[in-house]
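The structure appears below as structure tokens.
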Amino acid sequence: MKQKFPKLTLRTQILSSLLVLTLFATLTVSFTAWHICKNKIEENYRAVYKTNLSTFNGIIDDRLQVLNDLVRAVFLSTDFLDILKTANDRQSPYYTSSDELALARFCRQMENQSDLVKGIAIFDEQGRFSFWNKSNTFAADYLDYYTEKDCTEELWYQTADAYEGKEVYFGENVLSVSSDTNTVSLVKEIKDLQTREKLGMVVVLLSNSFLSTTLVGSGTDFDSDTLMVVDGKSASPLIYYTNTQDYAEEMYQDYAESQETSRFLFTEYTNYATGWKIINGIDKNELSKESVYLRTMVFAMVFPILIACLLLSNLLSHTIYRPLGKLKRVLEEVREGSRNITEEFDDSEIGEIGNALKETVNHNIELKERLLSLRLKERESELLLLQAQINPHFLYNTLDSIYCKAEIENQTEIACMVGALSDIFKISLSRGNSEIKISEELAYIKKYMQIQNIRYENRFELILEVDEDILELHIIKLILQPFVENAMYHGLEAKIGKGFIELKGERIGDEIYFTITDDGIGMEDPSVLYSGFGVKNVIDRIHLFYGEEYGITVSSEAHVGTKIEIRIPVMEREVLDKC
């Protein structure tokens with residue numbers, strides 16, 4: 001026999017629905033709040049440490065740059081190179097006494113200028129070896145290089161050889177790993193500055209104390225919070241840590257195996273100069289103590305909330321049902337044929353909501369029009385701001401005076417540089433226009449390179465291959481020069497010897513394509529170029545002036561060079577004037 005359940009009243013249905021929804025919403029919100037809080041704690045911790053690691057990385061870069069400059073100044077000097085070029089007629093692994101004394105002077109020069117230097121080893125291509133040790137300890141560990149050891153067969157030598165003269169850092173003593181701890185190695189291939197012929201290899205042993213003074217610790221109250229510096233090129237990758245050795249090794253092992261399932265939360269930053277990774281790790285359970293406490297408190301409050309919601313739902317169901325009952329009575333009157341519809345029904349809350357909705361819609365339309373107008377004015381202001389970064393009128397007049405003074409004093413080179421710089425400002429003024437001819441932009445670049453070649457003694461060659469049929473076309477000014485400057489400072493300046501920058505330009509259909517190529521040191525991660533102020537300024541101006549579909553493309557290869565491609569539309573002078 002089929003059992004019939006009693007029909008629930010509307011008020012009972014509303015009350016039951018409110019209770020079910022309240023229970024579901026309370027549990028969902030409680031779990032979601034705990035989960036969001038847990039993730040937010042981890043995100044905030046990771047964001048804070050990302051900033052800290054970036055700061056640490058910048059400090060390390062500054063200190064390593066000082067060491068790089070010192071090594072280049074000492075070991076690329078003519079006197080030092082002459083010793084390595086001296087013929088080894090005796091086929092001996094030793095230098096002559098006079099050469100050994102001279103090499104010792106270079107080593108002491110390094111020691112006097114940096115307290116991090118612990119030892120220096122010099123290998124030349126003629127089979128000779130010289131080692132200088134600051135503390136005169138562990139000297140016996142390097143004697144094998146005078147006898148049977150062949151450094152060219154060792155991994156550190158082959159790695160440094162592949163970098164072709166760029167400084168390479170290892171997180172260990174590459175000459176004697178077992179005898180010397182707390183040491184990092186700087187290895188540099190030495191080449192003849194004129195012939196580019198390889199002369200030898202220099203290994204500078206450094207104290208890693210600069211890491212302990214840079215990475216001063218986490219600054220938090222978490223016991224598991226650990227900072228690590230890792231070098232993937234070394235036999236023992238973990239070269240520095242702020243916790244106990246066993247704990248740091250356990251954390252690094254977990255990092256190397258699987259970060260997704262790890263019980264630690266990791267934040268990392270890669271040092272570009274050394275390839276080292278600066279890693280921070282913390283136990284997720286310790287980090288989540290606050291969120292666990294919050295979860296307990298939230299779920300403890302569920303039952304009082306449910307009781308309160310029960311009372312409120314009863315009151316609310318009665319409040320909702322009362323106007324519905326009135327509406328039911330009105331509908332019954334209409335069904336019975338009554339035409340006595342009161343104004344209260346016509347002016348019900350539905351009518352008030354309709355009137356309010358119309359007012360809201362009209363108000364929103366007015367706000368939308370104002371917002372559109374403000375956005376247009378904002379884009380115009382941004383374009384004017386980006387194109388008016390400098391106001392060189394007073395500089396141009398001042399440079400003209402300096403040029404005349406240099407001519408009077410027969411300072412030809414200074415006059416040449418000032419004259420070129422004056423022409424640059426004259427071109428950049430462009431009579432106040434935001435756009436210039438392509439030929440004027442090229443003249444600007446030529447003057448700029450003229451100044452730089454005077455400064456760097458003609459190390460850089462500028463190659464221009466721009467089709468003549470686009471020279472009279474107009475573009476917004478200063479969208480090519482920043483990339484030429486970037487290629488020189490970041491691509492060619494760090495490279496030993498001469499280099500070239502090639503600028504090509506052509507018209508394809510209704511678009512203009514520029515390509516800027518250099519043979520500098522290149523980049524492993526071309527995306528870092530987009531973060532530079534000058535490059536970002538050019539990209540923003542191209543997007544604001546020509547549209548989001550136009551811009552630049554970057555491709556680069558380490559130790560080969562960088563290539564920039566710029567694409568903009570062809571715009572007639574009349575169109576530009578209207579813009």
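Just so we're clear, the structure is a prediction, and the values are computed from it rather than from any experiment. Quick note: numbers below take in every heavy atom, side chains included, and nothing from hydrogens, waters or symmetry partners.
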Are the charged groups of [X] and [Y] less than 4.0 angstrom apart, N to O?
{"X": "K166", "Y": "E164", "answer": "no"}
{"X": "K495", "Y": "E493", "answer": "no"}
{"X": "D518", "Y": "K563", "answer": "no"}
{"X": "K277", "Y": "D231", "answer": "no"}
{"X": "D254", "Y": "R263", "answer": "no"}

Any donor-acceptor pair under 3.5 Å linking the side-chain atoms of [Y] with those of [X]?
{"X": "R541", "Y": "N537", "value": "yes"}
{"X": "D525", "Y": "S527", "value": "yes"}
{"X": "E249", "Y": "Y241", "value": "no"}
{"X": "S224", "Y": "D283", "value": "no"}
{"X": "Q65", "Y": "D69", "value": "yes"}

Contact between [X] and [Y] at the side-chain level, heavy atoms closer than 4.5 Å - yes or no?
{"X": "L67", "Y": "L64", "result": "yes"}
{"X": "V202", "Y": "V204", "result": "yes"}
{"X": "N173", "Y": "K118", "result": "no"}
{"X": "L175", "Y": "V203", "result": "yes"}
{"X": "T55", "Y": "N57", "result": "no"}
{"X": "Y169", "Y": "L206", "result": "yes"}
{"X": "T562", "Y": "T517", "result": "no"}
{"X": "M201", "Y": "W156", "result": "yes"}

Practice problem: Just jot down the side chain to side chain donor-acceptor pair (under 3.5 Å) partners of K536, sequence neighbours excluded, or say none. | Solution: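 If we apply the side chain to side chain donor-acceptor pair (under 3.5 Å) test to K536, skipping adjacent residues, the hits are D540.
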
Quiz prompt | For K188, all residues meeting side chain to side chain donor-acceptor pair (under 3.5 Å), sequence neighbours excluded | solution =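 K188 satisfies side chain to side chain donor-acceptor pair (under 3.5 Å) with E167 once adjacent residues are dropped.
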
Quiz item: For L155, does its backbone N or O pair with a side-chain atom of T159 as donor and acceptor, under 3.5 Å?
Solution: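 A pair under 3.5 Å: yes.
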
Quiz item: Taking T267 for the side chain and K50 for the main chain, is one N or O donor matched with an acceptor at less than 3.5 Å?
Solution: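 Absent.
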
Practice problem: Only counting residues at least two apart or in another chain, list the ones meeting side chain to side chain contact (heavy atoms under 4.5 Å, CB included) with Y530. | Solution: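 I539, I552, V554.
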
Exercise. Can you label the angle between the F129 ring and the F123 ring as parallel, tilted or perpendicular, going by 30° and 60°?
Key: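 Rings of F129 and F123: tilted, 30 to 60°.
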
[X] and [Y]: which non-hydrogen atoms are nearest, and at how many Å?
{"X": "N208", "Y": "I239", "value": "ND2-O, 3.5 Å"}
{"X": "G561", "Y": "S556", "value": "O-OG, 3.2 Å"}
{"X": "A121", "Y": "F131", "value": "CB-CD1, 3.8 Å"}
{"X": "I521", "Y": "A494", "value": "CD1-CB, 3.8 Å"}
{"X": "E111", "Y": "V117", "value": "CA-CB, 4.4 Å"}

Quiz item: Considering residues at least two apart in sequence or located in another chain, which fulfil the salt bridge (charged side-chain N to carboxylate O under 4.0 Å, His left out) criterion with E557?
Solution: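 Checked E557 against salt bridge (charged side-chain N to carboxylate O under 4.0 Å, His left out); zero matches.
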
Self-check item: salt bridge (charged side-chain N to carboxylate O under 4.0 Å, His left out) against R567, all qualifying residues, sequence neighbours excluded
Solution: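 With sequence neighbours excluded, R567 shows a salt bridge (charged side-chain N to carboxylate O under 4.0 Å, His left out) to E511, given in chain and number order.
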
Exercise. Please test M110 against I120 for side chain to side chain contact (heavy atoms under 4.5 Å, CB included), starting from the C-alpha separation and ending with a verdict.
Key: CA-CA 9 Å; M110 281 285 298; I120 299 173; 3.8 Å; yes

Less than 3.5 Å apart, which donor and acceptor atoms pair up between the side chains of residues 481-492 and the rest of the protein, not counting sequence neighbours?
from	atom 1	to	atom 2	distance (Å)
Q481	NE2	E485	OE1	3.1
Y489	OH	R455	NH1	3.0

Exercise. Test T226 against N280 for side chain to side chain contact (heavy atoms under 4.5 Å, CB included), laying out the working first.
Key: CA-CA 6 Å; T226 304; N280 170 256; 5.8 Å; no

Quiz item: Do Y550 and H543 have ring centres separated by under 6.0 Å?
Solution: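 Judged by ring-centre distance (under 6.0 Å), Y550 and H543 do not meet the cut-off.
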
Quiz item: To the nearest 0.5 Å, what is the distance between CZ (F75) and CD (Q109)?
Solution: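 That separation rounds to 8.5 Å.
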
Self-check item: Passing candidate, side chain to side chain contact (heavy atoms under 4.5 Å, CB included) with V230, options Y240, Y252, W276, Y255
Solution: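 So the option named by the test is Y252.
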
